[in-house]
Amino acid sequence: MHQDKTQMAVNNNRNVSGALQTRSIRTVEDVGDERPMFRSDFSESHSLQMHVRLERICRALYRTGVCADRFWLDREHCCWSSNDTFYKDDDCKAWTKWPWMLNHYNQGFIFLFLEWIFYIGWALAMSTLAVLFVKIFAPYACGSGIPEIKCILSGFVIRGYLGKWTFIIKSVGLILSSASGLSLGKEGPMVHLACCIGNIFSYLFPKYGLNEAKKREILSASAAAGVSVAFGAPIGGVLFSLEEASYYFPLKTMWRSFFCALVAGIILRFVNPFGSNQTSLFHVDYMMKWTFIELVPFALLGLFGGILGSLFIFANIRWSKFRKNSKMLGGNPIYEVMLITLITAAISYFNPFTRKSAQSMIQQLFDRCEDQIDEDSLCDQNKALSIAFGQLLWALIFKFVITIFTFGIKVPCGLFVPSIAMGAITGRILGITVDQIFRAVQATPGHSDYFTCQLGKDCVMPGLYAMVGAAAVLGGVTRMTVSLVVIMFELTGSLEFIVPTMVATMFSKWIGDGISKMGIYEAHIELNGYPFLDSKGEYPYSTVASQVMRPSINRQPDSESSMSDLRELKNELSVITENGMTLGDLESLLRQTNFNGFPVVVSQNSMHLVGFVSRRDIFLALHTARKTQPYVVTSSIAYFSDGVPDSMPGGPAPLRLRKILDMVSSGMLETW
């Protein structure tokens, strides 16, 4: 037997190099339509396909070896393609381990040490490359992106956050960071990537690109499409955009988002990036029914999820504040990423649940017992309470602690999958416990007929508890309710168990809000100091606007009034006119005031709002014009509109400032 395995390893070792040279990756060309929302969805779906396939390549290369004839496949799909119906650690003929390539075939200390070194080495290489890309090319590509998307949809402007460089670097960095084995997910950043695509395509259509309010309709629909392709949950994506992401969500934006999610779901099914011919990421097929007495443990899962989520938010925010104020961590993001990756990979290797990818672990925890064929699986009653139970408990503690330090590092990282993983582990532990209780009660003589059932068939489903626990912990972290329940049943395809999911989600929401009102995204918004006014929040302020405003002056301006006189007549409201002010007037306004920004109006007599310009933007624009444009002088007229007249021969050149004008305020006031 040992000689057969050794010969198999030698043959794979000979074939792997040739396969690596001859195989190639197919690329998908972007095909568009004249409708911007459809085009962004089409591109987003193909972007997910590329993400999944390239992530499998990276993950396959660093885990424990490489597929001999299809190097882009991970171990599971590699063994499927080799027609190995059943396989264990060494039974897959197509999978070549790294020690085999170094002519080490005996599974002793050196063999395991080499596997451990390769496991850590590939993780460090990919995470370091990801953080280097982010630091050098696109600093906005780090993190989840959902807190910033919430602020942008509420009217806040972050220049460059939805640009093409952010999209490119976050796409590449997300593949590397996800495949490195860090405790993070790619589903949250997919919302950011989808909004980047929507923002880029909106500029192809002036109706959307030049109107900030219309553009935010596309961004709301893009957020729905991002969740749709990330989880395979079109309806959940629309509800996520409504409940969590969007600040203003009228009815027409809802059906447009629904159309975008529909297109994304169709294309997702067509390209089949998961390789399962299903749109649901963690498809389950439970044949049993849940009983009413099980609502008690489901509620306990919700209670635990709310407590665990609140503890995670508290610890992560405290660590993020320390990172933000620490020169050692804040000034050395590369070393922080490398250290966290080293700790994660070095410890994860020794636990079979944390060694595999989070997606594979969640799928294993969701599966039914009759689907498990490995003698060391969770369904082996001789080992479930000893080895597997201890491994799950250790995996839960490790996942919780390491995710606290991982979420917020300078690589693309999401929080959905780690939260689902922690909840699935918790639910599986409780499911095993409840199953053992049912077995003990049924083994007792004279037990009630209520506990009479066929063990393993219609008594307790530990996989169902894992699914409910995943919803509970994710709800405790994000505080989502309706959209979370819909995402979970679309994610698993199990509509029958929507009531247990609702029970756990509501208890998680109640307990979490009782401890702290803010979810993880709102907490990070407050930590970063973004000007976000939550539409779901309650603000018990009794002060009205008239109590803080100065009374108006009942005197009309005359034709000889100076700029300072006009400003005094307008209650000293410092404004900038769309046309007519000189460069010297703008510089004088900056010297005389200390406001962070100024409204741009049509004229001093007609105070119709055109837009808003920040103090920093106008200062940089004037400073740059002074240095780079020789004919721009103090008497040059500044224009914040498109109609700029040609300069007179020998006269000062006009100053074009239309690009720095923020039209969000005026766009929001427009009646569509």
Discussion item. If you count heavy atoms of other groups shown closer than 6.0 angstrom to CZ of Arg318, is the number above 12?
Written reply: no
Response to the item:
Output for pair (Ser222 OG, Ile197 CD1), nearest 0.5 Å, gives 8.0 Å
Worksheet item: Is atom NZ of Lys215 surrounded by more than 12 heavy atoms (other residues, nucleotides or ligands) closer than 6.0 Å?
Response: yes
Worksheet entry | Side-chain donor or acceptor of Ser614 paired with backbone N/O of Asp617 under 3.5 Å | yes
Worksheet item: Only one of Thr505, Ile420, Val417 clears side-chain contact (heavy atoms from CB on, under 4.5 Å) with Leu474; which?
Response: Ile420
Worksheet item: Mind checking whether Phe416 and Tyr521 have parallel, tilted or perpendicular rings, split at 30° and 60°?
Response: tilted
Discussion item. Main chain of Arg323, side chain of Ser326: is a donor-acceptor contact present, judged purely on distance under 3.5 Å?
Written reply: no
Fill in: Ser246-Ser241 side chain donor-acceptor pair, cut-off 3.5 Å
yes
Worksheet item: Have Tyr140 and Lys170 got a donor and an acceptor in their side chains that come within less than 3.5 Å?
Response: no
Worksheet entry | No-hydrogen, no-angle side-chain donor-acceptor test under 3.5 Å, Glu243 and Thr481 | yes
Fill in: Donor-acceptor side-chain pairing of Ser183 and Thr403 below 3.5 angstrom
yes
Practice prompt. Apply side chain to side chain donor-acceptor pair (under 3.5 Å) to Tyr161 and list each qualifying residue two or more places apart in sequence or on a separate chain.
Written response: Glu148
